[in-house]
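Worth saying up front: this structure is predicted, and the values here are computed from it rather than measured. Sequence lines set the chain letters: A, B, ... in the order given, protein chains first and strands last, and positions in each chain run from 1. Values reported hereafter were calculated over all heavy atoms of this structure, with side chains retained and with hydrogens, waters and symmetry mates removed.
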Amino acid sequence: MFQSRTHNCGELRMDNIGQTVTIAGWMENMREVGQNFAFVIVRDFYGTTQVVVDTEEMFRTFKEINKESTVQVTGTVRERDSKNPKIPTGDIEIVPTEVRVLGKCRYNELPFEVNRSREADETARLKYRYLDLRNPEVKDNIVLRCNVVAALRQAMTEHGFLEITTPILTASSPEGARDYLVPARKHPGQFYALPQAPQQFKQLLMVSGIDRYFQIAPCFRDEDARGDRSPGEFYQLDMEMAFATQEDVFTVLEDVLPPIFAKYGKYDTASEAPFLRIPYLEALEKYGTDKPDLRIDLICQDITAHCQGTEFPPFNEEGAEVKAVVVSGSKLTRKQIDALCADTEVQSGKKPYWFRMDENGELVGGVAKFFADRKDTITDALGLQPDCLVGIAVGPRGQAQKTIGVMRNKLGAAVEGHMKKEQYSFCWIVDFPMYEIGEESGELEFCHNPFSMPNGGLETLLKAERGEIDPLAITADQYDLVCNGVELSSGAVRNHDPEIMVKAFEMVRLGEEDVKQRFPAMYNAFCYGAPPHAGIAPGVDRMVMLLAGEDSIREVIPFPMNKNAQDIMMGAPGTVDPKQLEELHIAVTAVEEAEE
RNA sequence: GGCCGAGUAGUUCAGUCGGUUAGAACGCUAGCCUGUCACGCUAGAGGUCGAGGGUUCAAGUCCCUUCUCGGUCGCCA
C-alpha cells in the first residue's frame with residue numbers, strides 16, 4: 001500500500017541525518033558503480049534525492065525497475081561520502097530499507113530522454129507532453145506561468161480591479177478574426193461563437209457601473225500560428241476602467257508590470273515608468289515597424305532626397321522612398337551581408353540594398369557606386385565613419401519602412417555592440433490612425449477596431465466629413481504596449497457615445513443600422529448612459545514567454561497545439577459519433593468535396 | 001494558400017561523385033567495476049533511409065508525385 005511521504009525529493013539536508021524517511025517519485029537514473037553497488041536518483045516536483053544501493057537484494061530490486069517508474073523508498077538518511085554541491089540535496093543520501101513500485105513504466109525505451117526533452121522533435125514532445133513536463137527545465141516555465149498569473153491577479157486586485165468572468169459560449173462577432181463556432185442543439189442551424197476577446201462584455205460591465213474590471217481571459221481565434229502566436233486559444237490579462245483616460249491605463253500597467261518583470265524575468269528591466277511613448281507614424285519612420293525592439297540602438301532615416309538623380313533605377317521609380325539604417329563597427333563579411341539581405345527579403349517581401357564605408361573612408365560594395373558622385377552629401381547625411389555598413393530599402397513608403405525595419409533588427413543583432421539582448425525594453429506606441437485605405441477595397445476602412453474614440457470626438461469626424469481635414473489624419477487614443485519587439489498588448493479609449501459611433505461608421509460607408517446590427521448590446525447599452533472608459537489586454541502567454549526568455553510560445557503553454565492547430569496527444573480535432581452530429585442538426589459534407 | 005528548410009536506429013544527427021555489409025553519440029540489453037552524480041570500461045541487439053512512382057547494371061544519394069513537421073509571408077478588429 002502507498003503510504004504518505006514524510007519528505008519530498010528536494011528537502012532533505014544534513015539536519016535530517018539519522019532520520020527514517022519515506023520519499024516517492026520517478027526513478028530517474030540508476031548508476032551502477034560496482035558489484036551490487038549503485039546510486040539511484042529519485043525525482044519529484046521538488047527535486048532529486050540520491051538513494052544508495054549496497055546490498056545484493058536491493059540491487060536486484062532496483063535493477064528490475066524501468067526508469068521513469070514511480071517508486072516509494074523508505075530508509076535512513078545519511079551523510080554522503082562524497083558530496084555534490086551542485087544539488088540542493090547533495091550532502092545526503094538515503095539507505096533504503098523498503099522499496100515499492102507505485103506506477104510501473106512499461107517501456108524501457110522512451111520517446112526521448114526526459115532530461116534532454118528540449119532537444120527532441122517537437123511532435124514527440126507534444127504527443128508525450130506529460131513526459132516532456134517531467135523535465136525540470138520544461139516544468140519550470142509552467143511554474144513561472146502560474147507565479148506570473150498569481151502575481152498579476154494580486155496586483156490587479158490591489159489596484160481595485162474586480163475579476164469577473166464573462167461567457168465562453170457567446171455570439172459571433174462580425175469583425176476581426178475567424179470565429180470558432182459551436183452548434184446550438186436547441187436551435188437548429190444556429191451557432192454560438194467562442195469569444196475572440198471579452199471586448200464587448202467588458203465594455204458592458206463599464207455601462208453596468210463596475211468601475212475597474214479585469215480577467216485572465218481565454219480568447220479564441222481561428223487564425224494560423226506563429227512562433228509567438230499560439231493557434232486557436234490564448235490568454236489575455238483583459239482589463240477596463242471607467243471614467244478613465246489613456247494616461248490612467250498607462251499608469252496602472254506601468255505600476256503593475258515592472259515589479260513582475262523584475263521579480264520573475266530572466267533579464268533586467270531597462271525601462272522605468274513612464275515608458276517611452278512613440279507616436280505610430282514616428283515608430284514606422286524611425287524603426288520601420290509599429291513594434292520596435294528598443295534593445296537595438298539603430299535608427300532608420302529617410303534619404304530619398306539624397307538619391308534623386310542617381311543612376312540606380314529603383315531609386316527613381318515613381319513614388320519610391322529610400323530608407324537607410326547605418327550600423328557602425330561592422331566586421332560583417334560579404335557572405336554574411338548577402339545572407340542577411342536574403343533573410344530580410346524573405347521576411348519583408350522586398351530585396352534590400354547595401355553599401356559600406358571601408359576602413360579608409362571609401363564607399364564600397366553593393367550599391368556604393370551610385371553614390372560616388374555625392375559621397376560627401378551622403379556621408380554627412382548619414383554621419384558615416386570608416387567601417388560603417390548601410391542597409392537600404394526602396395519602395396512605396398510602407399514597403400520601404402517594413403524592409404528597413406527588418407534590416408534594422410537583423411543588423412542590430414548581427415553587429416557586435418548594437419543590441420543589449422539581455423534586458424526588457426518597453427514602450428507605448430500611441431496615436432494610431434483611426435482609418436486607413438484598405439489594400440483590397442481601395443476605400444477608407446477602420447485601421448484597427450471600430451471601438452476606439454476618435455481624437456476630438458464628433459467634431460473631428462464632422463470636419464472630415466466636410467472635407468476640412470483628411471480622414472487619414474484622424475487619430476485615436478489607441479495604444480500598443482511593446483516589449484523587445486513583441487506586441488504585448490493593444491488597447492484604447494473606447495467610443496462610448498452612440499452618436500459618435502454612428503458617425504465613425506458613416507465614415508466607412510456604414511451607418512446606424514450597421515452599428516445596431518453588429519453590436520446590438522453595446523449600442524443599446526450606450527443609449528442608457530455610458531461612462532467614458534478605456535482598457536487594454538496584455539497577452540499572458542507572450543508575457544511569460546518574454547519572462548522565460550523563450551522564443552517559442554509553446555514553451556510556456558502547458559498543453560500546446562502544433563502549428564496546424566492539432567492536439568496530437570488528445571487527438572483533437574477528431575471525428576465524432578454520427579449520433580452527436582444528428583443531435584446537433586449537423587450534416588458533414590464529404591471531406592474531398594469540401595476540399596475541391 | 002505562397003516561399004524556405006527538414007524527414008535515415010528508441011532519440012539527436014552524419015552519410016563524399018550514384019557503387020561492397022548504411023555509421024556515430026545518447027538510450028536499451030548483457031558482462032565488469034564499492035563513492036557515482038552527464039559515472040567509467042567491454043560486448044551486443046536495434047534500420048520499410050516519410051510514402052509512391054521513375055531513371056540506372058546499381059538509388060539514402062538523381063528526377064517526378066505526395067504526406068508530415070518546423071520557420072516565414074498572407075492572415076491575426
What's the gap between [N] and [M] when it is taken at their [atom1] atoms, as a whole Å value?
N     : M     : atom1 : value
B:A22 : B:G46 : C1'   : 14 Å
B:U8  : B:G52 : P     : 15 Å
B:G50 : B:U61 : C1'   : 16 Å
B:G27 : B:U65 : C1'   : 37 Å

For B:A38, take OP1 and OP2 only and decide whether either is under 4.0 Å from a side-chain N or O of A:K86.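 Yes, such a contact exists.
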
Given Watson-Crick or G-U pairs with both distances under 3.5 Å, what dot-bracket string fits RNA chain B, with | for other-strand pairs and [ ] for crossing? (((((((..((((.....[...)))).(((((.......))))).....(((((..]....))))))))))))....

Side-chain donor/acceptor of A:Q50 to base of B:U36, under 3.5 Å: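 Looking at the base of B:U36, it does pair with a donor or acceptor on the side chain of A:Q50 (distance under 3.5 Å).
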
Suppose we call a contact any N or O donor and acceptor under 3.5 Å apart; does that hold for the side chain of A:R80 and the base of B:C37?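 Indeed there is one.
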
What does the B/S/- profile of nucleotides 42-50 of chain B look like, 5' to 3', with a 4.0 Å heavy-atom cutoff to protein? ---------

Tell me, for nucleotides 66-76 of chain B in 5' to 3' order, what letter each nucleotide earns: B for a base near a protein heavy atom under 4.0 Å, S for only sugar-phosphate near one, - for neither? ---SSBBBBBB

Whole-Å gap separating C1' (B:C4) and CG (A:D343):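 Distance check: A:D343 CG to B:C4 C1' gives 10 Å.
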
Starting at CD of A:E28 and ending at C1' of B:G27, how long is that distance when rounded to a whole Å?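 Going from A:E28 (CD) to B:G27 (C1'), I get 14 Å.
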
Centroid distance below 5.5 Å plus an interplanar angle below 30 degrees: do A:F112 and B:U11 meet both conditions?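 Here A:F112 fails the 5.5 Å or the 30° condition.
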
All pairs passing salt bridge (Lys or Arg N to Asp or Glu O under 4.0 Å) where residues 192-205 of chain A contributes a residue, at least two apart: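 Passing the test, one end in residues 192-205 of chain A: A:K202-A:D238, A:K202-A:E240.
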
Holding to side-chain contact (heavy atoms from CB on, under 4.5 Å), I want the full list of residues that pass it with A:D91, two or more places apart in sequence or in another chain.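 Testing A:D91 for side-chain contact (heavy atoms from CB on, under 4.5 Å), a comparison that skips the adjacent residues, returns A:M14, A:K83.
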
Partners passing side-chain contact (heavy atoms from CB on, under 4.5 Å) against A:K291 (at least two apart in sequence or in another chain):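 For A:K291, the residues satisfying side-chain contact (heavy atoms from CB on, under 4.5 Å) (neighbours in sequence not counted) are A:T289, A:V482, A:E487.
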
